[in-house]
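Some notes on the structure that comes next.
These numbers come from a predicted model, not from an experiment. In the text below, chain A, chain B and the rest are named by the order of the sequence lines, each starting its count at 1.
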Number of protein chains: 2
Amino acid sequence: MLSRTEHKFGCEDCEFKKMSCLYVEPDSFEEFRQQSIKLSFSKGETIFKQGGKSGGLLFLHEGIVKFCYQYDSGSNYIMTIVRGPKLLGGANLFFKSVNIFSITAMEDSRVCMLDSAAFMKLAIGNPAYLLALVENTMDMFQDAIFNFISLAHNHVNGRIATILLYLHKNVYNGQGYSFTVSRKEIAEFAACSHENVINTLSRFRKEGIIEFHGKEIEIINIELLEEISRKG
Amino acid sequence: MLSRTEHKFGCEDCEFKKMSCLYVEPDSFEEFRQQSIKLSFSKGETIFKQGGKSGGLLFLHEGIVKFCYQYDSGSNYIMTIVRGPKLLGGANLFFKSVNIFSITAMEDSRVCMLDSAAFMKLAIGNPAYLLALVENTMDMFQDAIFNFISLAHNHVNGRIATILLYLHKNVYNGQGYSFTVSRKEIAEFAACSHENVINTLSRFRKEGIIEFHGKEIEIINIELLEEISRKG
DNA sequence: ATTAAAAGCTGAAATATTTCATGTTATCAA
DNA sequence: TTGATAACATGAAATATTTCAGCTTTTAAT
């Protein structure tokens, strides 16, 4: 990973810097930043590998990544999908020496790998900063937990509805009601077979709830989708 | 909740105090402790109510509690079950003004309700303490996530095996291989019907994996149970 | 441009799961 | 003790889901 070409992108208008400097002195942040590594990943590339040594904290400047658990059988479960700018902390990173999940780029992404030791130093000196970052991480977990709750209670109908709404609201926001995800990825997110996703999406289309052309899915009737998400 | 009778139990040998005093001065802790409320809950009583105003942090001195999500339909999903001594932080409490889950006593329990503002003051003054508590919380989440991962991938066989192992290792530890949980609660934890739990437990018994007399379940062949949990 | 690989699609058979109906056994309070 | 309630148990029918086989379309690489 460290042998990849470093791409230069500006640090001046960095969201992480802006957020951090609400809590820490610019000089302290600059020192921290010096320890971090800027990288670009193409769609499909693995950023962190499940079972590998934890690379510490990671700030996703731009792009979309999935948290993916790989079973021994080879099948995958997507725990959550997030878009930058976002700090990717949590059980996968915070305090854990081994990655529980792989983190894989779903779109071309720019990230900064942050040095754990330097982060700890900064956090210890600025507890309010630490609190803000933990809160940020908890938000990400909460999104994932609501998906689990849908998974535990709903049939595939409801699970897919929940996922489409999540993707629309939290990931592909700011681009109307359409986005592009593969059936296979929806299946790995909803924990069902890809055939079931195909059938369900076709049914949703027949009922006028969504429309799609290839991988591009458009939500037509969001109220109905929300009702299916709630009632199963 | 606050109108309940306060039961006195000693603060001298409190696990939370011991853990806290690794990081903070005894005087600071004592000041914090003064703001907290000691309570006892009987089996079945609700400690925190889903949708209610968050009561801040809670230290479970002794007892067993479940984190329970109640759907509109009235059915429940148990996210996790934990035994004291344990700090119950996490998305349900940390930084959230409304409880996502109910927390209900599964056995008679003794808790301290900690004051959020006093906790923040202590945490800001002792970032290493905050880090330790966050790490503790992340551990609890990790246990819950491994259950989700089993839920997403396994059939009921494997989910129930995973749950029995979790209960044996993390909740009813230190009491051999047997414990007492209702079929209904296992069903709510495994996200399936209680009939399915009954059938599965009977099958496990026929195959010599477990034994049970009423609600008391004993693990006979833990290696086989672990294999089912992984593969099944 | 051609080919290989991956993704999308469909329907039928096999399997898993829930729901329902029914009855038995614990449990708990009056 | 008795009665009410909840939990436990079982089997059959209905439903949901996966698996499989076969096919088309899209995507990516040579």
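For the atom pair OG (B/Ser178) and CD (B/Glu216), the distance works out to 4.0 Å, reported to the nearest 0.5 Å. Of the inter-residue distances, the one linking A/Glu218 atom CD with A/Thr180 atom OG1 reads 11.0 Å to the nearest 0.5 angstrom.
One can place CZ of B/Arg183 at 7 Å from C1' of D/dC8, the figure rounded to the nearest angstrom. Across the protein-nucleic acid pair, B/Lys184 atom NZ and D/dC8 atom C1' stand 13 Å apart, rounded to whole Å. For the pair A/Ile186 CD1 and C/dA7 P, the computed distance is 13 Å after rounding to whole Å. Here C/dT25 presents its P atom at 17 Å from NE2 of B/His213, a figure rounded to the nearest Å. At whole-Å resolution of the value, NZ in A/Lys206 and C1' in C/dC9 are 12 Å apart. Remark: C1' of D/dA7 and CG of B/Leu201 are 13 Å apart, rounded to the nearest angstrom.
Looking at residues two or more places apart in sequence or on another chain, you find a ring pair (Phe, Tyr, Trp, His ring centres under 6.0 Å) between A/Phe16 and A/Phe29, A/Phe59. Remark: B/His168 engages B/Tyr177 in a ring pair (Phe, Tyr, Trp, His ring centres under 6.0 Å) (not counting sequence neighbours). The salt bridge (Lys or Arg N to Asp or Glu O under 4.0 Å) test applied to A/Lys86 returns no partner, not counting sequence neighbours. Taking the salt bridge (Lys or Arg N to Asp or Glu O under 4.0 Å) definition, one finds that B/Arg83 meets it with nothing, sequence neighbours left out. For the side-chain contact (heavy atoms from CB on, under 4.5 Å) test, residues two or more places apart in sequence or in another chain that qualify with A/Glu185 are A/Lys66, A/Ile78, A/Met106, A/Val181, A/Ser182, A/Glu188. Residues satisfying the ring pair (Phe, Tyr, Trp, His ring centres under 6.0 Å) criterion with A/His153, sequence neighbours excluded, are B/Tyr71. For B/Arg205, the salt bridge (Lys or Arg N to Asp or Glu O under 4.0 Å) partners are B/Glu211, not counting sequence neighbours.
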Original post:
Nucleotide by nucleotide, 5' to 3', does protein get under 4.0 Å of the base (B), only the sugar-phosphate (S), or neither (-) in nucleotides 10-30 of chain D, counting heavy atoms?
Top reply: B-----SSSBB----------
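B/Phe67 and B/Phe101 have perpendicular rings, their planes meeting at more than 60° on a 0 to 90° scale where under 30° would count as parallel.
B/Asn99 places no side-chain N or O within donor-acceptor distance of the main-chain N or O of B/Ser102, the cut-off being under 3.5 Å. Within the 3.5 Å criterion, the main-chain N or O of B/Asn196 finds a donor-acceptor partner in the side chain of B/Ser193.
The end-to-end axis angle of the helix from C/dA1-D/dT30 to C/dA30-D/dT1, rounded to 10 degrees and based on five pairs per end, is 60°.
Residues of residues 69-80 of chain B having a heavy atom closer than 4.0 Å to DNA chain C: none are found.
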Could you pull out the protein-nucleic contacts involving nucleotides 28-30 of chain C (nitrogen or oxygen on both sides, under 3.5 Å)?
none

When the side chains of residues 225-232 of chain B are checked against the rest of the protein, which donor-acceptor pairs come out under 3.5 Å, sequence neighbours left out?
{"unit_1": "B/Glu226", "atom_1": "OE2", "unit_2": "B/Lys169", "atom_2": "NZ", "d": "2.8"}
{"unit_1": "B/Ser229", "atom_1": "OG", "unit_2": "B/Thr162", "atom_2": "OG1", "d": "2.9"}

